[in-house]
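Contents: one structure, followed by commentary.
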Protein chains: 2
Amino acid sequence: MRFERAAVTVNEAFDRFAGQHLPAGAPAALVHQLRALASLHSLPRRQMSRFDVTRDHLVFVASGPTKLVALDAAGSEQIVAFQFGGDCLILPREGLHAYRLVAIRAASLLVFDAEALRPLEQRAPVLNEMIARCTLAALQRTRANLVAMGRRSATERVASFLLSMREIEQVAQADGRTLTLEMTRKEIADCLGLTVETVSRQFSKLRDLGLIATPSRTQVRLSDPVRLAAQAGAFAPAA
Amino acid sequence: MRFERAAVTVNEAFDRFAGQHLPAGAPAALVHQLRALASLHSLPRRQMSRFDVTRDHLVFVASGPTKLVALDAAGSEQIVAFQFGGDCLILPREGLHAYRLVAIRAASLLVFDAEALRPLEQRAPVLNEMIARCTLAALQRTRANLVAMGRRSATERVASFLLSMREIEQVAQADGRTLTLEMTRKEIADCLGLTVETVSRQFSKLRDLGLIATPSRTQVRLSDPVRLAAQAGAFAPAA
DNA sequence: CGCGTTGTTGAAAGTGATCAATGTCGGTGG
DNA sequence: CCACCGACATTGATCACTTTCAACAACGCG
């Protein structure tokens, strides 16, 4: 079993952040100031972030897969995007919608108050560039996701969900095909905008077609990724 | 009838762009260089942008309502976002999806090659900030749209479409309730991920409920915006 | 072992898509 | 001015798919 060391200290997380998102030539003073503004939050599995909802935040996902969800009036979640160790995102303050970050598995987050970064940005364009890059990446993924949500059948959604999970969770077995979904059917259903029953039926259908195998409740083996991709439809893996 | 003067020259469009998106204190040299990189494109009603699909572009919508669409394999459009006079957006090169800008009514676009802007960005952080601001705004709207698309019924989609159109097209009559949709039912259907027939039925239904009136093929009178908003559901107007 | 949670399966109902026919508007040419 | 044409819109009937409601099975845990 693979064992990924979680980032446990602010400094570890920050170093990871700097290595990933700050150019090598970034001025030491900037790095120093940034470090002072960072705070580390550990988010246990399935737990929702609880930051100050009146402020925007820049969040670096130091470790662990997470999802950005929108909460509707009924409190049910609608997935907006997935993030993984190394990704950076803007978590907007509560406006028309309330957004939260939810840990799919235990995650560590490095959090910056967006407002506090502003003075730094003025002096250090690198920071601005970094944020712009992250925002643009998020925009691209969100647009792709939007298209995906538009007109897709349950089968297409489930198939492409499995494929995108495979990319993410290379936490796979040696064969690179078996993945462990750390999510209940309900969570998957919320992600895909379907019901639990439909998700379950799609799993059964794909199993009957011989495209996947489900040795246990949480494990899925992609027996035939190629034909699975065919089921995922035109706009295949929502990257 | 209101008569909005379209931006016809590059300079007119550029001035509008600078006024809207560049801070007053922007260095004259920067403005000058930017102007040299801008090119103007007039997009007739319903026409699709035809820029170099291998390059990213920064587009300023100088005038006219436009929509950003994703094209699927079948060539049918899936709406991603609306833009209006004054908005700025990143039109990404063709990747997993192909995006196009489509004029809802005749529009003028000021187009920059994103690559060509890069050297300018390095020297002028203002430019970077501007792009970051636009990207972030686009991200927020797209996220909102994604949530909207998630699990919404045909009625909700049509009702909130009408409401958001009202916000946009204040090209309304004196009463502020009658709007002229410069779109066919097919275009509306594509926007909402529905079929023409379903859209038509929803119009009929809302008309029967007394929420709207349809004096002509293109005109819609929102007789009862409040109850219409109720039909639009929890995540009302997709801003 | 029993119980609660989670997952699967079946039957019925609801919703939108598809297919097909008809209706309406706007323009063109007689 | 009117008849006709073609594009667009509406309406109806049917079909496919997803949800909903309900029962049951499997697993994990005390």
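A note on names: the letters A, B, ... follow the listed sequences, proteins ahead of strands, and every chain is numbered from 1. Quick note: numbers below take in every heavy atom, side chains included, and nothing from hydrogens, waters or symmetry partners.
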Chain B footprint on DNA chain C, 5' to 3' - any atom under 4.0 Å from a heavy atom: dG16(C) to dC25(C)

Nearest heavy-atom neighbours spanning R157(A) and R152(A): NE-O, 2.9 Å

Heavy-atom pair with the smallest gap, counting every atom of S108(B) and L40(B): CB-CD1, 4.2 Å

L206(A) and its side chain to side chain contact (heavy atoms under 4.5 Å, CB included) partner, picked from L222(A), D224(A), V220(A), L228(A): L228(A)

Rounded distance in Å - CG (L206(B)) to P (dT10(D)): 12 Å

Side-chain donor-acceptor contact under 3.5 Å, S63(A) with R16(A): no

T66(A) side, atom OG1; R105(A) side, atom CZ - distance, nearest 0.5 Å: 11.0 Å

Aromatic ring pairing F17(A)/F112(A), orientation class (parallel under 30°, perpendicular over 60°, tilted between): tilted

Footprint string (nucleotides 13-28 of chain D, 5' to 3'): B base within contact, S backbone only, - free, heavy atoms under 4.0 Å: B----SBBB----BS-

Whether F82(A) and F161(A) hold their rings parallel, tilted or perpendicular, with breakpoints at 30° and 60°: tilted

R185(A): side-chain hydrogen bond (donor to acceptor under 3.5 Å, both in side chains) partners, not counting sequence neighbours: none

Sugar-phosphate, base or nothing in reach of S216(A), heavy atoms under 4.0 Å: nothing

Sugar-phosphate, base or nothing in reach of T184(A), heavy atoms under 4.0 Å: sugar-phosphate

